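First comes the structure, then the notes that go with it.
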Amino acid sequence: MKYLSIKEAMNKGTGKVSIRGWVYRERGSNKLKFVVLRDSTGIIQCVIKKEKFSDEKFKEADKVQIEASMEISGTIKEDKRAPSGYEIEADEFTIVGMSDNFPLAADQNREFLDDNRHLTLRTRRMTAILKIRSTVFGALHEYFRQNGFYEYQSPIFQSVQCEGGSTLFKAEYFDRKDVFLAQTWQLYAEPAIFSLEKIYTMAPSFRAEKSRTSRHLTEYWHCEMEIAWSTFKDIQDVGEGAIKHVLKKVLEQNQEELNILERDPKKLEPSLKKPFARITYTEALKLLKEKCKMEVEWGKDLRTIEEDKLSSLFDTIIICRNYPKEVKAFYMMEDPEDPRTVQGCDFIAPEGYGELIGGSQREHDIEKLKKRLVEMGENPESYTFYLDTRKYGSVPHGGYGLGVERLISWICGLDNIKDAIPFPRTPMRYKP
Ligand code: 4AD
Ligand code: MG
C-alpha cells in the first residue's frame, strides 16, 4: 500500500487514495461517521458510511476517539463544506492505535498544558511553531556554511565562567566542585579561530536565571559565531546577515504556519527589507529622554523596560553598541576612540521581544583581561588556557551569541518563550 501525505492526497484531488494520521475531530450518527484526520502536512475530512461496512466493522469506527491513529483508503473529491475543502469517502479503514479520553481540550490553563507537554506538541499551534523552528535552525546552518564558516563544538562541562557567576549552573561532576554547565561556547571557541578562522555552532546553553519572565529559559539553544581578523563592524554585519537570511526563509516557507499562529508577516518584513537601525548606547539614552521621557543615568545598563521603549521607536531590529565598560562582560574590547565604552553590541528585537544577540570585539590586551577578571572576583590562573590565546599570535577577533528561542518567539509572535522550544526548562519547570 502506498500512503500519500494529506497534502499530496489533496493535490491529487480525485480518485483512490490511502492516507494515515491521527483523529483531529470526530462526530457520528448511526449511519455515518465523520473523522477529520491530521498528519504533519494538513487535515482532511473522511466519511465512513455504514452501508459500505459490516455492522461489526462500523461499530469499530464508532469507537474512534480524538487522537486515535488510523489508516484510511477511499475516494477523494473536492467538497466546499469540508474543513480543508476535500473529503475522502472511505472504502477501508484500520484503527492502528486506540485513544482513550485524550486529556487536552480548549481553554485549559498553562500549568495543565505544560504538565502535558508531550501531548501539547501535537496541537496545530505547536506543530506550526515546530515547523518554523525547523526552518530557523536550517537557515542558520545554511547561512554560516554558505559564508565560509566551519561548524565547531565546545564542551558543555566547563571549568570557568564567562557570563557572570550569578547565572552559573554547577554540575555534579564526581567529587569536583568547580565544574559548570556551559553559559556560552565562547572561551572554548576563541582558541579555535587560530585553526579554523571562521566558526559557528548551534548548541544548548544553560543559565540559572531565577527570575520568572517570558524571555528566559534555563536551557536554551545558542547559535554562536567567532571570526579571526574581524572588525567590530564585521560582527554586526554577520548578525544582521544571519537574521535576514532566517527571515527570508521563514517568509518563503512558512506562510501557512504564520497564518495558523495569526502572526502578521508585515511585522517581520521591515527587518528583512531595510537595514537594521544602528545606534550607540549614548544615542539610545538621548532617544529615551527626548521621545519617551525616560531618564537613564549614563553608565547604567538598559533594563527590559527601556529596551522595550526603544524598540517601539523603530520598525526594524536595533543594533545598540558601545555600552559602558562596567555593564558588560570582561572580555569585551575597550573602544580606542571612547575608552569609557566597549565594542560590544546587543541586537534588540522589535515589539518588545528583547535582546536577540549579544556580541563584541574581543579584548586582546592580556593585562587588561587579567585586571577585569580580578575585579570580577575571578582567579586569572583558572583562565590560563584562555589567556594563552593572547600570548601566541593574537589577532583582532570577535563574535556573538544569538538566542534561538528569542528569535523564534519574535518571529512567531509568542506570549512566552516557553512555546519556542519543545520541552521548556525554567526554574519551576523541569518535567516532563
Ligand atoms: O548576551 P549573552 O549572555 O552573550 C554571550 O553569552 C556571549 N558569550 C555570546 C558570544 O559572544 N559568543 O547571550 C547571548 C544571547 C542573548 O542575546 C539572548 O538572546 C540569549 O543568548 N539568552 C537567552 N535566551 C533564553 N534564555 C536565557 N536565559 C538567555 N540568556 C541569554
Ligand atoms: Mg547579553
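On a predicted model such as this, the values are computed, not experimentally measured, just so you know. Order of appearance sets the numbers: ligands from 1, and atoms from 1 within every ligand.
Every atom of ligand 1 is numbered from 1 in the order shown, and the set under 4.0 Å from a heavy atom of E355 is 1 (O), 16 (C), 17 (O), 18 (C), 19 (O). Taking every heavy atom of Y331 and a limit of under 4.0 angstrom, the matching atoms of ligand 1 come to 7 (C), 8 (N). The ligand atoms of ligand 1 that sit less than 4.0 angstrom from a heavy atom of Q186 are 7 (C), 8 (N), 10 (C), 11 (O), 12 (N).
The shortest N/O to N/O separation between T184 and ligand 1 falls below 3.5 Å.
Screening I235, L140, N147 against M225 for a side chain to side chain contact (heavy atoms under 4.5 Å, CB included) leaves a single residue, I235.
Contact annotation: R215 has at least one heavy atom less than 4.0 Å from an atom of ligand 1. At least one heavy atom of R362 sits under 4.0 Å from some atom of ligand 1.
Between Y220, Y200, F206, it is Y220 that holds the heavy atom closest to atom 20 (C) of ligand 1. Proximity annotation for atom 2 (P) of ligand 1: of H222, E219, R207, R207 comes nearest, heavy atoms only.
The proximity of D346 to ligand 1, defined as any non-hydrogen pair under 4.0 Å, does not occur for either the backbone or the side chain. Contact annotation for H216 and ligand 1: heavy atoms of both the backbone and the side chain come within less than 4.0 Å of the ligand. Heavy atoms of T167 found under 4.0 angstrom from ligand 1: none, in either backbone or side chain.
Here the heavy atom of the protein found nearest to atom 15 (C) of ligand 1 is G401 O, 3.6 Å.
D365 has no carboxylate O lying under 4.0 Å from a charged side-chain N of R390, or vice versa, which leaves the two without a salt bridge.
Remark: R38 is not positioned above the aromatic ring of Y24, lacking an NZ or CZ atom under 6.0 angstrom from the ring centre and at most 45 degrees off the axis.
Close placement of the H222 and Y220 rings is indicated, their centers lying within 6.0 Å of each other. Annotation: F206 is not in aromatic contact with F169 [ring centroid separation under 6.0 Å not met]. Taking the six-membered ring for Trp and the full ring otherwise, Y200 and Y150 have centroids separated by 6.0 Å or more. Ring pair F157/Y173: centre-to-centre distance below 6.0 Å.
Counted by atom type alone, E26 and Q65 present zero donor-acceptor pairs between their side chains at under 3.5 Å.
Within E355, OE2 is the N, O or S atom that lies nearest to the Mg ion (ligand 2).
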